[in-house]
Number of protein chains: 2
Amino acid sequence: MLKEETKTAPRDCGECPIRHRAVCARCEADELEQLDRVKYYRNFQAGQTVVWAGDQMDFVGSVVSGIATLTQAMEDGRTQMVGLLLPSDFIGRPGREKAIYDVVATTDMVMCCFRRKPFEELMSNTPNIAHRLLEMTLDELDAAREWMLVLGRKTAREKIASLLTIIARRDATLGFGKAHGKMTFDLPLTREAMADYLGLTLETVSRQISALRKDGIIVLEGKRHVTVPDFERLMEEAGDDCDGGLLA
Amino acid sequence: MLKEETKTAPRDCGECPIRHRAVCARCEADELEQLDRVKYYRNFQAGQTVVWAGDQMDFVGSVVSGIATLTQAMEDGRTQMVGLLLPSDFIGRPGREKAIYDVVATTDMVMCCFRRKPFEELMSNTPNIAHRLLEMTLDELDAAREWMLVLGRKTAREKIASLLTIIARRDATLGFGKAHGKMTFDLPLTREAMADYLGLTLETVSRQISALRKDGIIVLEGKRHVTVPDFERLMEEAGDDCDGGLLA
DNA sequence: CTGGAATGTTGATCTGGGTCAAAGTTCTTA
DNA sequence: TAAGAACTTTGACCCAGATCAACATTCCAG
């Protein structure tokens with residue numbers, strides 16, 4: 001049932017696609033070598049759980065390729081996604097024994113893991129790592145706060161538009177191409193996952209996507225492939241005039 | 001009109017009330033001295049704006065006493081509070097020129113400010129500062145994510161209960177006393193500010209507070225002074241069974 | 001292919017919280 | 001000590017989004 005290695009890990013850091021965006025972005029050759037000693041790659045399939053909230057977690061690491069989600073749940077089953085982890089994003093918290101969120105791979109995913117204890121030690125001797133991690137954490141904090149506005153104050157339609165905006169921007173940044181005019185991308189999330197991210201029900205997500213389609217804001221091919229004829233138009237629908245920011 | 005110094009700044013770090021919780025928590029004597037050279041205190045009155053979103057910000061710093069809020073607004077006036085800054089919390093982001101949120105003092109407040117440029121330099125030579133800031137930022141990220149669950153998935157009543165829970169916990173941590181059984185504290189926020197924090201209208205906030213009062217979950221003296229007869233009961237209302245965490 | 005999970009769409013109805021409106025309470029400042 | 005101004009409560013009504021239900025589509029495994 002295992003597909004034969006969806007995507008293989010990079011052979012070494014030199015050809016790693018996230019070399020210049022991840023925690024290791026600012027490391028020198030010798031530092032990379034130290035990291036290399038405590039590092040290993042792991043592959044996950046779409047749908048697979050990386051960690052369960054409450055589990056012991058003896059590694060931290062970076063998303064190399066693919067997408068994962070960070071999710072929090074209440075006892076009665078209500079669920080809120082609190083983070084969307086894209087290539088180069090960091091998973092885990094140095095100094096923390098147990099995961100406090102569920103981490104799930106929503107697409108096939110490759111992770112570059114570091115054994116936690118040695119990584120923590122490395123961090124205290126390697127300002128380049130600690131510094132980059134601080135920077136990334138501050139970015140994520142900004143993204144989380146931006147998302148608080150979405151959750152707290154935006155309408156369902158604006159929420160959907162905001163999510164599309166983020167995904168489109170990410171594709172522009174990571175792949176090639178500008179974040180304006182005509183754009184095309186795939187939704188890496190199911191309707192349900194979108195609902196969990198947006199604080200909506202999946203029915204509402206479905207309806208609002210249909211509405212945006214009817215209004216010509218987006219064009220769908222199949223369920224997942226989206227074309228945005230005019231990105232500026234989409235941003236207006238999202239309610240945030242142009243504000244940059246967002247998203248690590 | 002100025003009250004004669006609501007609360008004065010500490011004379012020196014030795015008697016600073018946040019000495020062991022703020023960015024400087026782990027600094028040695030010599031490091032404190034370096035910080036001292038770029039530091040100054042500022043007093044704000046309740047209601048005063050500390051920084052406007054978009055403004056140049058040439059300082060960062062810590063809340064010494066009092067409370068401030070971090071707020072984000074859409075052009076049409078919808079407003080979402082994205083942070084509640086308590087004593088020892090850090091304001092501003094090293095490396096960032098312009099504020100991206102409004103910062104407002106909701107009570108009289110004393111800040112310990114550092115000139116931004118020299119602080120940034122200091123940070124690169126002083127792992128103790130950078131490290132502590134990373135730790136604090138990670139805590140704030142956790143708090144922001146916890147809040148995403150509140151905003152996205154909780155009912156109005158649960159939201160109010162969650163907020164009361166946070167404030168009660170803070171008072172327990174900062175002041176004296178345990179976070180269980182009978183607790184008493186003052187609300188540092190107006191109904192409107194609570195609404196902005198919770199993604200509600202002030203009418204709903206008012207109604208739900210009345211409802212909690214009627215149900216005996218809380219007892220009010222005046223508008224602001226709250227007694228919680230049974231903290232466990234309040235936590236149940238908040239929907240999170242006991243989960244610790246939250247709040248820097 | 002084919003039967004059954006997932007996954008997604010659409011409709012009908014209900015409801016929690018928003019909106020609008022009017023009073024009631026404090027707090028100021030004169 | 002009075003007259004605002006700011007804050008809070010409460011009521012009546014409404015609507016965006018939830019809930020419940022049926023059906024369509026896609027994707028597999030056998």
Which pairs, protein N/O on one side and nucleotides 17-19 of chain C N/O on the other, fall under 3.5 Å?
| from | atom 1 | to | atom 2 | distance (Å) |
| --- | --- | --- | --- | --- |
| dG17(C) | OP1 | Ala156(B) | N | 2.9 |
| dG18(C) | OP2 | Thr201(B) | N | 3.4 |
| dG18(C) | OP2 | Thr201(B) | OG1 | 3.1 |
| dG18(C) | OP2 | Thr204(B) | OG1 | 2.4 |
| dT19(C) | O4 | Arg207(B) | NH2 | 2.8 |

N or O in side chain of Ser210(B) less than 4.0 angstrom from dT10(D) OP1/OP2: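 True: Ser210(B) side-chain N/O within range (under 4.0 Å) of dT10(D) OP1/OP2.
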
Under 4.0 angstrom between Arg213(B) side-chain N/O and dT9(D) OP1 or OP2: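 Answer is no, no contact under 4.0 Å.
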
Between [atom2] of [N] and [atom1] of [X], the distance in whole Å:
X	N	atom1	atom2	result
Arg191(B)	dT25(C)	CZ	P	15 Å
Ile160(A)	dG17(D)	CD1	P	10 Å
Lys223(B)	dA6(D)	NZ	P	18 Å
Leu187(B)	dC7(D)	CG	P	15 Å
Arg78(A)	dG16(C)	CZ	P	13 Å
Leu212(B)	dT9(D)	CG	P	12 Å
Glu192(A)	dG8(C)	CD	P	9 Å
Leu202(B)	dA21(C)	CG	P	15 Å

Test item: [X] side-chain N/O and [Y] main-chain N/O as donor-acceptor pair under 3.5 Å:
X	Y	result
Thr106(B)	Ile67(B)	yes
Gln80(A)	Asp196(A)	yes
Arg153(B)	Leu200(A)	yes

Stepwise salt bridge (charged side-chain N to carboxylate O under 4.0 Å, His left out) check, Asp89(A) with Arg21(A): CA-CA 8 Å; Asp89(A) 281 344; Arg21(A) 311 191 71 221; over 6 Å; no

Under 3.5 Å donor-acceptor pairs involving side-chain atoms of residues 46-56 of chain A, not counting sequence neighbours:
| from | atom 1 | to | atom 2 | distance (Å) |
| --- | --- | --- | --- | --- |
| Gln48(A) | OE1 | Gln45(A) | N | 2.7 |
| Gln56(A) | NE2 | Glu97(A) | OE1 | 3.4 |

Given Leu149(A), Val150(A), Ile167(A), the one that forms side chain to side chain contact (heavy atoms under 4.5 Å, CB included) with Ser162(A): Val150(A)

Touch class at under 4.0 angstrom, heavy-atom based, for Ser206(B) against every strand present: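 Base, at least one base heavy atom under 4.0 Å.
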
Min side-chain heavy-atom separation Lys182(A)-Thr227(A) under 4.5 Å: yes

